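Below you'll find the structure, written out as structure tokens, and then a few comments.
Keep in mind the model is a prediction, meaning the values are calculated, not measured. Numbers restart at 1 for each chain; the letters A, B, ... are given by sequence-line order, proteins then strands. These numbers come from the heavy atoms of this one structure, side chains and all, not from hydrogens, waters or symmetry mates.
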Number of protein chains: 2
Amino acid sequence: MRKRSITSYDVAKAAGVSQSAVSRAFSPNASIAKATRERVLEAAKELGYQPNAIARSMSSARIGAQQKTGLIGVIFTRFEDPFFARMVADLSRSVQACGWQMLLFTVDTHSEVDSALNTLMQYKIDGAIIMSTILSDQMAQTCRAREIPVVLFNQSVEGLDVNSVQIDNRGGGRLATECLVETGHDRIAVVGGETGDATLMARETGFVEYLLEAGVELFIREEGNFTFSSGREAGLRLFSRRESPDAVFCVSDVMALGVLHAARFELGLQVPQDFSLLGFEDIPAAEWPGHSLSTIRQPTRRMIRDAVNILVDNMQDLDSSPRRERYKGTLILRESCRKRNLPEATQR
Amino acid sequence: MRKRSITSYDVAKAAGVSQSAVSRAFSPNASIAKATRERVLEAAKELGYQPNAIARSMSSARIGAQQKTGLIGVIFTRFEDPFFARMVADLSRSVQACGWQMLLFTVDTHSEVDSALNTLMQYKIDGAIIMSTILSDQMAQTCRAREIPVVLFNQSVEGLDVNSVQIDNRGGGRLATECLVETGHDRIAVVGGETGDATLMARETGFVEYLLEAGVELFIREEGNFTFSSGREAGLRLFSRRESPDAVFCVSDVMALGVLHAARFELGLQVPQDFSLLGFEDIPAAEWPGHSLSTIRQPTRRMIRDAVNILVDNMQDLDSSPRRERYKGTLILRESCRKRNLPEATQR
DNA sequence: AGATCCTATGCATGCGCTTGCAAGTACTGT
DNA sequence: ACAGTACTTGCAAGCGCATGCATAGGATCT
């Protein structure tokens with residue numbers, strides 16, 4: 001048999017006040033005498049009473065209420081990647097700092113997002129942040145209809161009226177390529193992502209674009225799926241051909257590390273003597289001494305802060321037009337790139 | 001002005017039944033005619049109705065009810081570590097698979113756990129999983145009083161009546177040390193964790209214990225705080241002395257990689273020629289070609305599965321005595337350890 | 001002292017749903 | 001045909017809290 005838990009009525013009785021007084025004691029701006037509040041809080045403490053957040057949002061469900069559930073839905077994917085894992089941690093802290101709780105849902109593919117959102121909406125979330133994946137046009141409309149603000153993090157969908165916060169992937173791709181071209185590489189390879197991934201594709205687009213403008217021909221393209229092992233395999237393929245690239249741009253750091261490990265430890269190549277390597281994201285492992293991977297850094301903290309702020313703003317003003325924030329990436333030059341045009345000696 | 005959302009009453013009207021019928025249509029085992037259910041579901045679909053999980057758990061709050069909030073609180077720390085990040089991902093999937101939602105709370109220190117739990121309890125979570133951190137005796141009692149099952153993951157507290165699921169850290173430490181001793185190392189160093197961390201301490205205890213039994217003297221101890229950079233610094237210290245260790249056991253993989261990078265890339269040492277290296281956990285990066293780090297592997301998947309199962313069992317039978325599952329670690333021998341007793345040549 | 005105003009409090013209602021109970025319906029067997 | 005049974009269904013009572021409204025005290029002013 002289940003025990004009844006302590007309710008505001010119990011506290012009311014103990015403090016000799018009405019239940020409403022208890023409720024008011026726990027609402028910051030309610031009209032209640034200081035002495036009464038203290039007495040109530042005292043009694044509450046003694047009984048171990050904690051307001052029931054569920055019931056609270058239940059009664060606040062009335063039309064026009066301010067207080068809501070305090071729940072933020074977060075949909076997440078690609079958890080394996082340290083870059084994203086770190087982001088959930090940061091996001092979690094930001095969300096908590098705003099007094100919200102984070103309802104986390106993990107999905108494996110873009111197609112699961114809609115149903116995940118549906119599930120989360122049953123919990124009447126006050127808003128949602130969707131990390132590294134996208135939602136359908138239809139679901140975006142549903143969210144708008146139900147007045148649930150949504151922010152896409154690290155992704156965006158062309159023509160979809162949804163807030164988004166992401167790095168300028170194309171610009172980052174250009175930046176990376178510029179660095180490689182300027183330092184005199186002329187056999188530049190790219191390890192891109194699957195065509196379905198807009199983020200990775202944009203980085204590659206920036207790469208191709210810059211190459212075209214600079215009049216440098218693309219040496220070769222390989223493809224990976226965002227994992228270390230796919231990067232490793234791409235690396236093995238890249239350097240098994242008769243002529244090898246003298247620079248490799250990978251659209252993600254983990255893949256770049258895959259290439260690095262394959263080249264250096266399986267094929268005996270040297271970086272940057274044999275080829276320059278550039279990644280994207282700046283994960284912690286990029287700066288480990290043995291990696292020293294040059295990369296395009298994302299202003300992650302700031303992006304997370306902004307994502308949360310946009311969510312808050314949007315909750316205040318439900319009709320505000322969607323914001324699409326873009327951030328410039330920064331080139332972090334480490335030892336995986338050769339610094340200037342080297343003499344013939346470097347060529348193999 | 002906020003729109004009223006669609007409720008079971010709207011569906012009831014549309015389907016020409018009572019509100020209770022709608023409720024029953026959405027409850028798997030309720031007494032309702034098949035035809036009626038279909039009609040209701042049809043109408044619900046048309047109106048875009050989704051049961052309100054908050055209201056649902058609200059009314060199920062009555063004494064003895066089966067259905068609860070469907071919320072599982074997860075308290076998490078040390079998110080930076082890839083090993084733990086991975087675990088949240090897996091856990092998230094397991095929890096979802098059981099039809100629960102995961103309410104994630106991130107803490108930075110053990111001391112925040114109690115208040116985190118308090119916050120989560122306001123949401124009337126059905127249970128909690130606490131990852132890599134601990135709770136106070138008092139809070140454990142509170143949870144029991146409120147009948148909220150708790151499982152400690154990867155931690156346990158001596159003498160505390162709380163379910164726990166963790167690797168046999170001491171045994172793992174022994175296993176690691178045995179490997180090093182058997183292969184003829186005699187200047188064995190350890191990079192331990194801070195004394196407050198029971199998990200890391202247990203690994204070290206196993207290490208010291210075995211050394212003692214084997215009659216091998218501890219060469220030197222360094223300390224880290226579970227991060228790559230603390231491992232790196234420990235590594236620099238270890239090899240800056242006049243006499244260097246010929247083996248290093250690190251109580252976590254990230255720290256071991258810190259040592260590896262420092263030794264190999266900053267000090268120019270070779271592994272395993274100059275010294276053998278052993279970690280603990282088997283994170284993905286451990287098997288990267290350039291690392292090939294020997295380590296003690298944890299049966300993570302199984303541990304997560306069991307943690308969830310224990311939670312479920314405990315929810316069914318609230319008075320069952322706490323279970324404390326222990327798992328044996330497996331020694332994964334990679335190239336960072338020399339395989340047999342080598343001739344004098346190895347010594348420096 | 002009386003009128004006026006403001007603050008503090010209690011009462012009562014409802015948020016959307018589940019569920020015990022009673023009533024209704026259909027079906028079975030004799 | 002009628003009692004007995006098994007299913008369905010609607011009614012209504014909460015779940016724990018927030019809040020509009022009315023009211024009771026004070027405090028302030030004239």
* **Criterion side chain to side chain contact (heavy atoms under 4.5 Å, CB included) on A/Val308 and A/Trp100, from CA distance to verdict** => CA-CA 11 Å; A/Val308 173; A/Trp100 278 319; 4.3 Å; yes

Enumerate all atom pairs, one protein N or O and one N or O from nucleotides 4-8 of chain C, separated by less than 3.5 Å.
none

* Could you give me the CA-CA distance, side-chain angles and deciding distance for A/Thr199 and A/Ile167, then say whether side chain to side chain contact (heavy atoms under 4.5 Å, CB included) is met? => CA-CA 9 Å; A/Thr199 302; A/Ile167 199 172; 5.8 Å; no

* To do: Look at B/Arg323 together with B/Asp313 and state whether they make a salt bridge at an N to O cut-off of under 4.0 Å.
  =>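 A salt bridge links B/Arg323 with B/Asp313.
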
* Salt bridge A/Arg93-B/Asp108, side-chain N to carboxylate O under 4.0 Å -> yes

Quickly work out the [X] [atom1] to [N] [atom2] distance and round it to whole Å.
X: B/Met58; N: C/dC17; atom1: CE; atom2: C1'; result: 10 Å
X: A/Asn52; N: D/dG16; atom1: CG; atom2: P; result: 7 Å
X: B/Arg56; N: C/dT19; atom1: CZ; atom2: P; result: 9 Å
X: A/Tyr49; N: D/dG16; atom1: OH; atom2: P; result: 10 Å
X: B/Glu38; N: D/dT9; atom1: CD; atom2: P; result: 12 Å
X: A/Gln19; N: C/dT9; atom1: CD; atom2: P; result: 15 Å
X: B/Gln122; N: D/dA18; atom1: CD; atom2: P; result: 11 Å
X: B/Phe26; N: C/dG16; atom1: CZ; atom2: P; result: 16 Å

So what does [X] touch, heavy atoms closer than 4.0 Å: a base, only the sugar-phosphate, or nothing?
X: A/Val22; answer: nothing
X: B/Ser20; answer: base
X: A/Ser23; answer: base
X: B/Tyr9; answer: base

* Asked: Side chains of B/Ser156 and B/Ser164: donor-acceptor distance under 3.5 Å anywhere?
  ->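 No donor-acceptor contact under 3.5 Å links the two side chains.
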
* Residues B/Ser92 and B/Gln96: side-chain donor-acceptor under 3.5 angstrom ->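 Indeed, the side chains of B/Ser92 and B/Gln96 share at least one donor-acceptor pair under 3.5 Å.
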
* To do: Compare the minimum distances between each of C/dT18, C/dG16, C/dC17 and the side chain of B/Ser27, then state the nucleotide with the smallest one.
  =>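 Nucleotide nearest to B/Ser27's side chain: C/dT18.
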
* Among D/dG10, C/dG16, D/dC17, which is the nearest nucleotide to the side chain of B/Thr7? -> C/dG16

Protein N or O to nucleotides 21-25 of chain C N or O, pairs below 3.5 Å:
none

* Asked: Is any side-chain heavy atom of A/Val150 closer than 4.5 Å to a side-chain heavy atom of A/Asn163?
  ->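 A side-chain contact under 4.5 Å is absent here.
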
* Asked: Side chains of B/Thr109 and B/Glu112: does their closest heavy-atom pair fall under 4.5 Å?
  ->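 Yes; the side chains approach each other to less than 4.5 Å.
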
* Asked: Quick check: are there more than 12 heavy atoms from other residues, nucleotides or ligands sitting under 6.0 Å from CZ of B/Arg326?
  -> yes

* To do: Examine B/Tyr123 together with A/Tyr123 and report whether their ring centres are nearer than 6.0 Å.
  =>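 No, the ring centres sit 6.0 Å or more apart.
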
* Asked: Between B/Ser18 and D/dG10, does any side-chain N or O lie under 4.0 Å from OP1 or OP2?
  ->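 Answer is yes, contact under 4.0 Å.
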
